[in-house]
Amino acid sequence: MVIIGAGQAGLQIAETLRAEGFADEIVLIGEEKFPPYQRPPLSKAWLNGETAEERLFFRGAEFLAAKRIDMRLGVAAKSIDRAERNVLLADGAALSYSGLALATGARARIPPIAGVDLAGVCSLRDIEDAREISRRIGQAENIVIIGGGFIGLEIAAAARKRGRAVTVIEALDRLMARAVSQKISAFFADLHRAHGVSLVFSAQVAAIEGSEGRVAAVATADGRKIPADLVIIGVGAVPNDELARAAGLECSRGVVVDKYGRTSDEKIVAAGDCTVFRRDDGRMIHFESVQYAVEMAKAAGASLLGKSKPFVAAPWFWSDQYDVKLQMAGLSEGFDAMVERRSGESAFSLFYYRQGELIAVDSVNRPGEHLLARRLLDAHISPEPAQAGDPASDLRPLLR
Ligand SMILES: Cc1cc2nc3c(=O)[nH]c(=O)nc-3n(C[C@H](O)[C@H](O)[C@H](O)COP(=O)(O)OP(=O)(O)OC[C@H]3O[C@@H](n4cnc5c(N)ncnc54)[C@H](O)[C@@H]3O)c2cc1C
């Protein structure tokens, strides 16, 4: 079995193959020189200096050796020959496969703005990016973050903790707009302002301006010029699906997979950020999350062995900003009713309904309610709105 991409999903596929009883050779190919590691802390605990770098790595060398996972690090896969069933690596080696998994992840999207190549313009995807950003935050006076999504806002929080002036420029009129409701956006806008972040909404970046090759300011289309000696671009990610496209696999915004992680080639599965998931109802969903990468990898690993273990769980995600933990379960998009369950000024959950059915719950500093929400969503149980909205009402009995 050959797995391309030694990240969250790639490692999970390898481990799933072993857990499912596969005893033959597994080769895990990784372009980065690091063994598989967690990315979420790169914009949170690691950037805040609360987690040591060694703690990012999922597994030690001993575990990988014991599982006989042959890791080839620091080398990229260059092409796939589906007819011959082999993968060509950048170092010229060719690996034949009986089953192939694509877990190539995604990369930061860099918009075509003048000045993105200047020194001091960064984006965050991997350990090396994080090291550079951390070092530059240490030296910067004025930081401009382009994009008010999760990663940009987490970096903003980390930079404020280190006392830097931070401006976030967002093209839309609210924060994290693709993922959360208006109410959560407003809560986080207040939070960032209270911590001294300057938020600029509904603004397009016209250019990043430099002086002597170094970034100096960000100019917006409406004529503002914001001084900056560090600019971080956080405007989403692009799936690394080029290998799959070149090999003729069906791709949309990513490699198309079904709930079993299967691609349009029966010998090839895919999982994680490089994929787009075609649900049974035909809707295409692109998730970039640990849960999705892990669960789809488990399904994909089982599929490689001819087993059917579909990925069905409701999606969940989290973000840490200052001392606030936001946790989301389900997809709130398209809700027609919302109920607030409030336990304190900065502790509440929002329950979203569509036609009386619970579709999502966003929790702020309510980890217990988040876990409960995931179980309710997975079991398709919808509490009565009045009950959901009453913090004194125990929802756990509904699960019995
Ligand atoms: C800063 C940051 C914060 C995040 N925070 C959260 C969070 O709070 N919660 C959450 O759920 N998710 C979070 N995510 C998303 C989460 O980390 C990803 O969804 C997850 O890592 C996806 O796993 P993956 O295996 O698909 O991709 P990756 O982990 O990116 O692994 C893909 C690997 O494949 C390698 N690769 C690519 N092409 C090739 C090739 N041709 N040959 C060989 N190797 C190749 C890449 O170098 C990479 O190492 C965050 C991501 C980032 C970057």
- Message: Parallel, tilted or perpendicular: which one describes the rings of F187 and F348, with boundaries at 30° and 60°?
- Response: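 It falls in the perpendicular class, over 60°.
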
Using modelled atom types only, decide if a donor and an acceptor are shared between the side chain of [X] and the backbone of [Y] within a distance under 3.5 Å.
X    : Y    : value
S349 : E369 : no
R39  : L124 : no
T220 : R224 : yes
D378 : A314 : yes
R160 : R164 : yes

Per-pair distances, 0.1 Å, donor-acceptor, side chain in residues 380-393, under 3.5 Å, sequence neighbours excluded:
{"residue": "S382", "atom": "OG", "partner": "L358", "partner atom": "N", "Å": "2.8"}
{"residue": "D390", "atom": "OD1", "partner": "A392", "partner atom": "N", "Å": "2.9"}

- Task: Please test Q291 against F317 for side-chain contact (heavy atoms from CB on, under 4.5 Å), starting from the C-alpha separation and ending with a verdict.
- Result: CA-CA 7 Å; Q291 176 228 11; F317 193 82; over 6 Å; no

Inter- and intrachain pairs under side chain to side chain donor-acceptor pair (under 3.5 Å), touching [range], at least two apart:
range            : answer
residues 129-148 : E53-R131, E132-R136, S134-R162
residues 75-87   : R82-D265
residues 292-302 : T275-Y292
residues 182-191 : R174-S185, K183-E340

Check this for me, if you would: do [X] and [Y] make a salt bridge, where the nitrogen-to-carboxylate-oxygen distance has to be below 4.0 angstrom?
X    : Y    : answer
K161 : E50  : yes
D281 : R279 : yes
R125 : D273 : yes

How far apart are the closest heavy atoms of [X] and [Y], and which atoms are they?
X    : Y    : value
W46  : T51  : CD1-O, 3.4 Å
I133 : C122 : CG1-CB, 3.7 Å
T263 : I268 : OG1-O, 2.7 Å
V116 : P111 : CG1-O, 3.7 Å
L304 : G99  : CD2-CA, 3.9 Å
A237 : A106 : CB-CB, 3.9 Å

- Message: Going by salt bridge (charged side-chain N to carboxylate O under 4.0 Å, His left out), name the residues that satisfy it together with D362, two or more places apart in sequence or in a different chain.
- Response: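 If we apply the salt bridge (charged side-chain N to carboxylate O under 4.0 Å, His left out) test to D362, skipping adjacent residues, there are no hits.
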
- Is the count of non-hydrogen atoms from other residues, nucleotides or ligands lying under 6.0 Å from R245 atom CZ greater than 12?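 Enclosed: over 12 neighbouring heavy atoms sit under 6.0 Å from CZ of R245.
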
- Mind checking whether L350 and I184 have side chains closer than 4.5 Å, heavy atoms only?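 Result yes, sub-4.5 Å side-chain heavy-atom pair found.
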
- Message: Can you confirm whether L249 sits close enough to I80 that some side-chain heavy atom of one is under 4.5 Å from a side-chain heavy atom of the other?
- Response: no

- Query: For V144 and I232, what are the C-alpha separation, side-chain angles and deciding distance, and is it a side-chain contact (heavy atoms from CB on, under 4.5 Å)?
  - Reply: CA-CA 6 Å; V144 170; I232 295 158; over 6 Å; no

- So which pairs with a foot in residues 99-117 pass salt bridge (Lys or Arg N to Asp or Glu O under 4.0 Å), sequence neighbours left out?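 Applying salt bridge (Lys or Arg N to Asp or Glu O under 4.0 Å) to every pair that reaches into residues 99-117, excluding sequence neighbours, yields R107-E242.
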
- Query: What pairs meet the salt bridge (Lys or Arg N to Asp or Glu O under 4.0 Å) rule with one or both residues in residues 64-77, with sequence neighbours excluded?
  - Reply: D70-R72

Quick one: pull up [atom1] in [X] and [atom2] in [Y] and give me the separation to the nearest 0.5 Å.
X    : Y    : atom1 : atom2 : result
E333 : I285 : CD    : CD1   : 8.5 Å
I359 : Y352 : CD1   : OH    : 9.5 Å
I4   : Y97  : CD1   : OH    : 8.5 Å
I169 : L199 : CD1   : CG    : 11.0 Å
N365 : Q327 : CG    : CD    : 8.5 Å

- Given L326 and V180, is the side-chain contact (heavy atoms from CB on, under 4.5 Å) satisfied, shown in steps? CA-CA 10 Å; L326 168 65; V180 301; 4.2 Å; yes

Result block: side-chain N/O donor-acceptor pairs under 3.5 angstrom for residues 145-157, not counting sequence neighbours:
{"residue": "E154", "atom": "OE1", "partner": "S43", "partner atom": "OG", "Å": "2.6"}
{"residue": "E154", "atom": "OE1", "partner": "K44", "partner atom": "NZ", "Å": "3.1"}
{"residue": "E154", "atom": "OE2", "partner": "K44", "partner atom": "NZ", "Å": "3.3"}
{"residue": "E154", "atom": "OE2", "partner": "S319", "partner atom": "OG", "Å": "2.5"}
{"residue": "E154", "atom": "OE2", "partner": "D320", "partner atom": "N", "Å": "3.4"}

- Task: Among Ile, Leu, Val, Met, Phe, Trp and Tyr joined by side-chain contacts under 4.5 Å, find the other residues sharing a cluster with V276 and list them by chain and number.
- Result: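 Members besides V276, by chain and number: V256, M284.
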
- Query: Given E15 and R59, is the salt bridge (Lys or Arg N to Asp or Glu O under 4.0 Å) satisfied, shown in steps?
  - Reply: CA-CA 11 Å; E15 292 195 24; R59 299 291 192 186; 2.8 Å; yes

- Please confirm whether F311 and Y260 have ring centers closer than 6.0 angstrom. no

- Query: How far apart are the C-alpha atoms of V168 and H192, what are their side-chain angles, what is the distance that settles it, and do they pass the side-chain contact (heavy atoms from CB on, under 4.5 Å) test?
  - Reply: CA-CA 10 Å; V168 174; H192 280 276; 5.8 Å; no

- Task: Consider only side-chain heavy atoms of I, L, V, M, F, W and Y, link residues closer than 4.5 Å, and tell whether L89 and L100 are in one cluster.
- Result: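 Result: yes, single cluster for both.
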
- Item | same_hphob_cluster(M338, M328) at 4.5 Å side-chain heavy-atom cutoff |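 Shared cluster, yes.
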
- Message: With side chain to side chain donor-acceptor pair (under 3.5 Å) as the test, pick out the partner of T16 among E20, Q12, R18.
- Response: Q12

- Query: Among side-chain atoms of Y37 and E32, is any donor-acceptor pair under 3.5 angstrom?
  - Reply: yes

- Query: Can R366 and H370 be counted as having a side-chain donor-acceptor contact under 3.5 angstrom?
  - Reply: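 No, no side-chain donor-acceptor contact under 3.5 Å.
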
Return all side-chain donor-acceptor pairs below 3.5 angstrom for residues 21-31, not counting sequence neighbours, or 'none' if the list is empty.
none

Quick one: side chains of residues 200-219, donor-acceptor pairs under 3.5 Å with protein atoms, not counting sequence neighbours, listed by atom name and distance.
{"residue": "E209", "atom": "OE1", "partner": "K225", "partner atom": "NZ", "Å": "2.9"}
{"residue": "R214", "atom": "NH2", "partner": "D229", "partner atom": "O", "Å": "3.3"}

